[in-house]
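Chain A is the first sequence line, chain B the second, and so forth, proteins listed ahead of strands; every chain is numbered from 1. Side chains are part of it too, since the values below use all heavy atoms of this structure and drop only hydrogens, waters and symmetry mates.
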Amino acid sequence: MLLYLVWLLPLFGAVLLWALGPQLKSWAGPIGSALIGVSFAATAVLWNGATAPHGLHVPLVSWLAGWDFGLQLDRLSLIWSLIITGVGFLIHVYSIGYMDGDRAFARFFAYMNFFVFAMLTLVLSDNVVGLLVGWGLVGLASYFLIGFWFYKPTAVSAARKAFVMNVVGDVAIMFSIFLIVSKIGLTSYDAIFSQLGRSFSSHELFLIALGLFIGCAAKSAQIPLHTWLPDAMEGPTPVSALIHAATMVTAGVYLIARFAPLWSSSPDAQELTGAIGALTALAGAILGCAQWDIKRILAYSTMSQIGYMIMGVGVGAYDAGVFHFLTHAFFKAQLFLGAGIIIHALANEQDVRRMGGLRKTMPFAFVAMATGVLAISGFPGLSGFFSKDAVIYGALETGHPWLYAVGVITAGITAYYMFRLLFVTFFGAYRGAVDPSDLGIRHPELAGTAELAASSGAHPEEEEPHHHAPSWLMSAPVALLIVPTIAIGWLDFGGGDSRWQQFFGGFFPRAHELTANGAVVTHAAPFSEVVSTAIVFALVVIGFAVAYVRYGATPAPREAIARLRTETVRMPGVLANAYYFDAAYEALLVRPAYALGRWFIRVVDPHGIDAGVREVAISAQWLGHLFRSFQTGLVRAYALTIAVGVVCFVAYYALAFTGGAR
Amino acid sequence: MTVTALVLGPILIGLALYAIPRERGGVARIVAAVVAALTFALAAADPNAADASRHWLARPFDASFHLGFGPVSYWIVLLLALATFGGALALSGPRARDVAAQLLVLQGAMNGVFLAKDMLLFALFWDLMLIPVFLVLIQTPHARAAWKYLLYNLCGGLALLLATAAFGAVAGTTDVIGRTGLHVMIGDLWGTWIFAGFAFAFLVKTPVFPFHTWMPDTYADLPPPVVAVVSSVQSKAGLYGFLAVVLPFLGPEAARAQTLMFVLGMIALIYGALASLAERDAKRVVAYSSLSHLGLILLAVFSGSVLAIQGAVVYMVAHGLFSAVLFLVLGAVEQREETRDLTRLGGLGARNPKLAGALMLAALAALGLPGLAGFSGEILILTGVFRAGFVWPAIVALVAIVLASAYMLRLFQTVMNGPEVPDLPERRDMTWTEALAVAPLIAGFVVLGVAPGRVVDVAAGAAHAAVPNAAAFSRAPVAPEDSRVVGSR
Amino acid sequence: MSSALGSYPVAADYAALLPAFVVAIVPLALLFADLFFRGQGALRRGVAVGIAIAGLVAAGVIAAEQYPHDYAAFGGAFIQGGFSIVFSEIVIVATIATLMLSVGVGRDDQVAGTTSLLLWSASGAMLMSGAANLMAVFLGLELLSLALYCLCAMSPRRTARESALKYLILSSMASGFLLYGSALLFGATGSVAFAALAHATVTPLLALGAGLFLVGLAFKLSLVPFHAWTPDVYEGAPLPVTAFMSIATKAGTLAVLARFAYAALPPGHATAILAPLWLLAALSMLVGNLAALSQTDMKRLLAYSGIAQVGYIVTAFAGQTPAGLRYAILYLAGYMFMNLGAFAVVALMARDGDAVVGLPRFAGLAYRRPWLAAAMTFFLIGLAGLPPTIGFTGKILILTTTVSASYAWLAGILIAGTAISAYVYFKIVRVMFAQVDPAHVRDERSRNALPWVAVAVCAFATFVLGLVPLTPSNVLPLVK
Amino acid sequence: MIAFWIMALLMIASAVFTVTARQPVHSVVGLLVNFIALAAMYLTLQAEFLAVMQIVVYSGAILILFVFVIALLSSGTKPFVVGPDRAPRILIPAVVAAVLTLAGITVAALRTPVTVMQTTATNGTTGDANAFGSVANFGAALFTTHLLPFEITAFILMVAVIGVVLIAGDEGPAGIVRRKPKRNVQREPILRRDDKVAR
Amino acid sequence: MSVAPENYVALSAVLFFIGVVGVIARRNPLIMLMSIELLFNASNLALVTYARAWVDNVGHIFAFLVITVAAAEAAIALAIVVVTFRSRRFVDVDEVSALKG
């Protein structure tokens, strides 16, 4: 029963806030947050039930035999639910401060609650259809929140892009559902997994996994369906923190972890998933080095980190992948919230080139960001250190040395661009007053430097950046997040018998024990985890060093500006345009589709189909006039027509019958 | 006599509405709404009302005025009542009285179409259905749409007439709809032609790809209340005809025509989607979108899969619900802004949150958002189609679903989002009557999206009647679970 | 080989002929009564029309009495029975309706004459409906036609005389063909009785005679290509006469055609002999509707529509199935009501009940005279073959018989013709519902309200027949 | 035998003359000749009564009527002008059509020889009381077996009478009444007619 | 009789066709009417011939009735012609073509 509560409270909140938003005024925020908090508490209460062997299970609705839907809470969904509600709660609280004074304060919280509800639907569902429902609903929620400021055309188009790409994922999952149902006619996880071996050929298994993975790729911004994520930063920063960093985008990880038996029994799927994950991790990291918009940097880092997770769960190191999700949820949320504080303080300035030297003016933000950066780049002892190494080593452990290599390199790059962010933002001198063109910013409106006038024009004292300190509503959640960011990693300390391993002990199939044909395959890792950790750490240090040399060593402001300028101008196009993915989609899919549609309605319908009909009608009219013209009004003409008719008659009878008689 | 009342009541009251002076449109509007509500209550009150039958012809074949609920028609009658209710409430303007009257006549005629248990009666109401729509259309400024509508649909109706006559001549009776265990022996030659006649009529009415061009014009020209009813229910008449009239008696012919129908359906799916992606007139966007959606139902009907047909019934009702809402809301928008041009509209959401919300919900249902009715229909249909062995049609349909999200969001965002357009007239948010008009429909497709179980169960009967020989259709051996999946619980 | 002394007619023979005789005698009483009412307009008209209607009703009642009995009167020249009675009743109803329309038409001193001519013409049609030999057919036809020639000229309009002249010349020519055909038939069989024809051996002479005979009938039915006279004559003639012509002539001629096609042809060769008839029907359905597309004068338009409608009726004969005959009669009755209803509406739109009523006069009628527009719409819907009218039911019955008689191609053409006709009829509906400034439309109202009765009755009958299609049961056998 | 051919030629010639004559009056003459020849034909076919009827009714009544009408139309102040009957374009197709008809009819007729019963016809000389075609024989049949057609003709003639009265009396009594006051100024309308003609 | 009835019939056919040509070709209503009389007479000739051939006087009766009808018809026709052309300059049916289309 409590599970229903967990699931429905956010929905109730969403409806309530959406319906009565205007009346509630500033109470909307607290109410929304409170509901999520209650939901979190309830989830926590359910801990024991969830960790029981089969977890909690409650029925919902039934469409037809074999299509009975319910909720289930087991260890996996428990982790996710806790993160969703817990981190969600913090971000709600943060939002009260961040969104304060926004025109649609209540609507924002309605959407946020709705998102939590959708995400819970996704993770709590006990069957593929329910999962798909949640899958679609979170897409909708992210659409709402990306397009929250719907008077901004950029936000609107970004929202649509995100939604459509997610629908691509949805239909891919639908396709897998067809495959499953057309085989076994059932939709619940248990039924599917119990029949995996018997009912499906390995080919079908791969197809199912492929469909599901396309879904993951769309939702978790894996190449090639990642392009919506950076644009999604159009949404308010808390949204980016909750949806596009902590929870929704990691749904792919959840899906693969949920379908672990399927993946484990389809090596091809594992190879594919791992490869795509690694590729995404690397590509995202590289793009992260080329961005100037603070949120876009974080977005690409998110993409890269999710790449890690996908690689982990893909290759079979499920618990490692999930663990990385856990840690990432904390430190990435914290990073975003920290960035949010900065943006909030600088009146929506997002371009790091126009920041700098904020260390002194915003010490709290600096601390928050710094911990986050250290964590994400794997500084020993912090959460990211444990989880990332686990994932990377997992790749090696399951016999994917190339993926391992990619992971290691990516770790280094990650360190580089995260410290780059840190240095450029907080060190050196404040550049907020510098004319954008000096920084090589050609199109400020596109470069995230929104409200230029507000930041520079509205404030005469340009030397002194105006910083209203964040309200406690904003700083408290960040402060709370710092704790797990630092500490949570120790859950996985101690190798095989760590808390984490125990928690998921036997929950996931061990990748190197079970393969498609059940034969035992063991990959001997060439070296131990300690060595691997050392290698990774070395690369991290290198990355840090490069970043420090390029940005950290505080030179005179003028030189810094010059360097930023040259870097901006020299930025290779392939990076500046994110590998031209968007351009390619535009040219290959969008434009042709519109052109074809225009051709249909402008040419085919009027001149193709209707033309035929119109011709018939016209010729009918023409015949009508023709017959009219026969009607000369002359008696003799009529007589003649009669005579002609008679002739035909006579001819017929004479010929037909005399012919017969002859 | 419930069913008789459902048919005759609206028609008579509708004609009686002409007694109200033309100026008192408001009264007529209320009366129409009340009548629609009553029909809904009546139908909902006793779902298993007794058939009403009265003998009509003995020569040249048996025919009777036979009306009764069927597994499909029951839901559609309810849907029609809801749509008419919404349409009646949304009426306005100087011709409100006439339109209200025609709306009721239309409702009665369509009730007749769906309740008819006799093919001849079916054909009768089928042709009767034309008249009110035409009468409304010819009073619109330019009558081109009226002629198009009449030309296409009358040709269809006449083909139906001819086919019905032939069927009666061959089978000796037309009082067959919904009768099970009745074996009509129709020769190959006859069967083919009769099926061709029916199919032409139904394809035109639905409409499906080559015969669709009347639809955008008609939908664009009809006043929103009427188009809401027409698009939500009249477009189902053809598919219902396939389900209830053709498949049970002309199964072999239908199986033979299956490939053709699938091709047409797939073309309609993609064609409609792309067209509405590029269309500039808001109402035409929805019109083309329903071309796409109905193509999906056509696939379901001819897939021969029981599951798919159950889904088809769900989706028919669902489409009826959300297309009605779409047209009603767009009508409200047009009434406010005096334009439907997507290039001129924009930014209405800021001032009209209620309107935006309604349009959003309808659009979401239309693009098949999981949790709303569109989704439940789609997934059942496609699972069935896929299970019957048609992989590529299913994939094409999936592509169409992606496109659907694109054009529906385009429609919504261009109307409601973006910066406000300064030169548009003064706007006010949804009035209470408008809200009341769409509320039941929205509630309908939300409920249907979450728990379509009831509809699915009832539809099972129709599905089994429609595909007595599923094997003739399905390309793959029917999965053994099929029976179990469908076994009505 | 008839003996020199034939059989003397007995009372039963006259009894069988009573309805036609009543209709033919009443005019004498009428003309006589007219002498006493000179110079008092309305009353004079009333008396004339009243007597005529009374006589017609009486005749109708008598005929109804005789319905069950089959009797071959005058040596088989005239066969009284279900068949002829049904047609006679149709003619009678049509005539009564015509009289209702004609009350206001023409000069006071002419009403008696025109009325009696109308009745004689009607009696001619009734005689045709029972005529079972060539002579009776010819004479009935001439009685019908001669009266109509005169009636057509009964209007001050010059076009009336023109129409009369055209009708006269062309119709006489057609009668010539019919007559020559009869002569050849007589030559081929040695008898003028249909019954004898049925058993004759088929020779080219017989076939040719049948052909020329059919030409004569086709002209009277105005089947394409013998239709040319119809629009002109209908347009020129006074409106009531047009209405009468459009039903009575067709009824009588159809009776003869049915008798000829069903009973008077050697069974083996009937199909071959009648083949051209179906072609004519097909042509009529197409040409009639197509030519009506671009008409603007109502009477002319209805003339073309009539051409097409007769095509539908003749289609029912295809295959000479008994059912076909019954449905042809049913549809004829239905057509009578729909068509007379339309004519009555037109009559109500002209002050003297007889004027040139063009399509523009209907503009915005729905807003000026809603009831009239509603009635017209209903009749047009019926003519277009849409429910809930006899037009729909009759059509589907005809379709069924035609299809089951394996004349599917004719059925197809019927469908095509109907599709075209829809535009013709709904064009008028469209005009009536168009929003126009009343100032631009000449709005006349008929002085006498009697046509309203006709409208009401016709509308009622059109609707009821559609739901309850009564078909006469005992229409066969047609000859003895 | 010879008689037949002479008659035939005469009839054809007169018919052609009737159809082609410029002046209606000439046509009447041609028609008269044709009718008389036809009557003779009837005689050769042993239809005495019909022959007489032909002469009386046709030549006697109908043709006279024609002559009257011609006279009527040409009377009055207005000169009677026949429409300029220049060689009508329509003639050729007409002839063609007619020729085809003729061909058809004759072919059909010639292909079906009718059994001729010489004997019954020739016994009993013409003029015999009950001979075939004699008045008695004719009358008996007309008033017994074929009474109905005969009675119908009564109504036909009635129609003719009433109809002609109605048509011809177009101005009718009312018209006469209208003219009455104009009696004294009778010349006026004539003058007016004249300049109408001149115009 | 020595002449085969076919010849009579052929003659009647010739007369008939001359009549048809007359109706079609001439524009003078009176001559048209005369041509129509020719038609009837041709028919009569055929009737009488066959009556002779079959030795059945019904043909005679038919012909007699035709003559009667022709008389009545002529009367009416001439009346109509008179009223139609009294007010016209040319007695020419082509003048009378107001009704057309």
Of the listed Ile270(B), Ile379(B), Val385(B), Ile401(B), the one with the largest count of heavy-atom pairs under 4.5 Å with chain A is Ile379(B)
Could you pull out the closest heavy-atom pair between Phe144(A) and Leu364(B), with the gap in Å? CZ-CD1, 4.5 Å
Heavy-atom pairs under 4.5 Å with chain B are the metric here; pick the option from Met174(A), Met165(A), Lys161(A), Arg107(A) that has the most. Met174(A)
Using heavy-atom distances under 4.5 Å, tell me whether Ser276(B) contacts chain A through its side chain, its backbone, both, or neither. neither
Of the listed residues (Val314(B), Asn417(B), Val399(B)), which shares the most heavy-atom pairs with chain A below a 4.5 Å separation? Asn417(B)
Pick one of side chain, backbone, both or neither for Val164(A), based on which atoms fall under 4.5 Å of a heavy atom in chain B. both
Counting only heavy atoms not in Arg144(B), do more than 12 fall under 6.0 Å of its CZ? no
Less than 4.5 Å apart, any side-chain heavy atom of Val391(B) and any of Phe178(A)? no
Please find out if less than 6.0 Å separates the ring center of Phe175(A) from that of Phe386(B). yes
Please identify, among Phe150(A), Trp18(A), Trp149(A), Phe163(A), the residue contributing the most non-hydrogen atom pairs under 4.5 Å to chain B. Phe150(A)
At a 4.5 Å cut-off on heavy atoms, which part of Ile177(A) comes close to chain B: side chain, backbone, both, or neither? side chain
Interface moiety of Val604(A) toward chain B, non-hydrogen atoms closer than 4.5 Å: both
Checking Tyr407(B) against chain A: side chain, backbone, both or neither under 4.5 Å from a heavy atom? neither
For Trp63(A) and Ser376(B) the tightest heavy-atom approach is CH2-CB, 3.3 Å
Shorter than 4.5 Å, heavy atoms on both sides: which option in Val129(A), Asp610(A), Leu60(A) has the most such pairs with chain B? Asp610(A)
Less than 6.0 Å separating the ring centroids of His203(A) and Phe206(A)? no
Interface moiety of Tyr288(B) toward chain A, non-hydrogen atoms closer than 4.5 Å: side chain
State whether the side chain of Asp429(B) and the backbone N or O of Lys354(B) hold a donor-acceptor pair below 3.5 Å, judged by distance alone. yes
Given a strict heavy-atom distance threshold of 4.5 Å, which part of Phe375(B) is in contact with chain A: side chain, backbone, both, or neither? side chain
Contact origin within Leu382(B) toward chain A - heavy atom pairs under 4.5 Å: both
Tell me, for Pro419(B) versus chain A, whether the close heavy atoms (under 4.5 Å) come from the side chain, the backbone, both or neither. both
Within the 4.5 Å heavy-atom criterion, are Tyr151(A) and Glu420(B) side-chain neighbours or not? no
Option that, when pairs with chain B are counted at under 4.5 Å, heavy atom only, ranks first among Val616(A), Leu179(A), Leu596(A): Leu179(A)
Do the ring centers of Phe211(B) and Phe200(B) come within less than 6.0 Å of each other? yes
Part of Val456(B) lying under 4.5 Å from any heavy atom of chain A: side chain
Cut-off 4.5 Å, heavy atoms of chain B, and the answer for Phe69(A) is neither
Contacting moiety of Lys148(B), where chain A heavy atoms sit under 4.5 Å: side chain
Between Val450(B), Leu151(B), Leu403(B), which has the largest tally of heavy atom pairs under 4.5 Å with chain A? Val450(B)
Region of Leu372(B) in contact with chain A, defined by heavy-atom distances below 4.5 Å: neither
Below 6.0 angstrom between ring centroids: does that apply to Phe109(A) and Phe105(A)? yes
Report yes or no: does Ser125(A) contribute a side-chain atom to a donor-acceptor pair with the main-chain N or O of Thr121(A) at less than 3.5 Å? no
When you check the side-chain N and O atoms of Tyr219(B) and Asp281(B), is any donor under 3.5 Å from an acceptor? no
Please check if any side-chain donor atom of Ser188(A) sits under 3.5 Å from a side-chain acceptor atom of Asp190(A), or the reverse. no
For Trp599(A), is it the side chain, the backbone, both, or neither that has a heavy atom closer than 4.5 Å to a heavy atom of chain B? neither
With a 4.5 angstrom heavy-atom cut-off, is it the side chain or the backbone of Arg410(B) that approaches chain A, or both, or neither? both
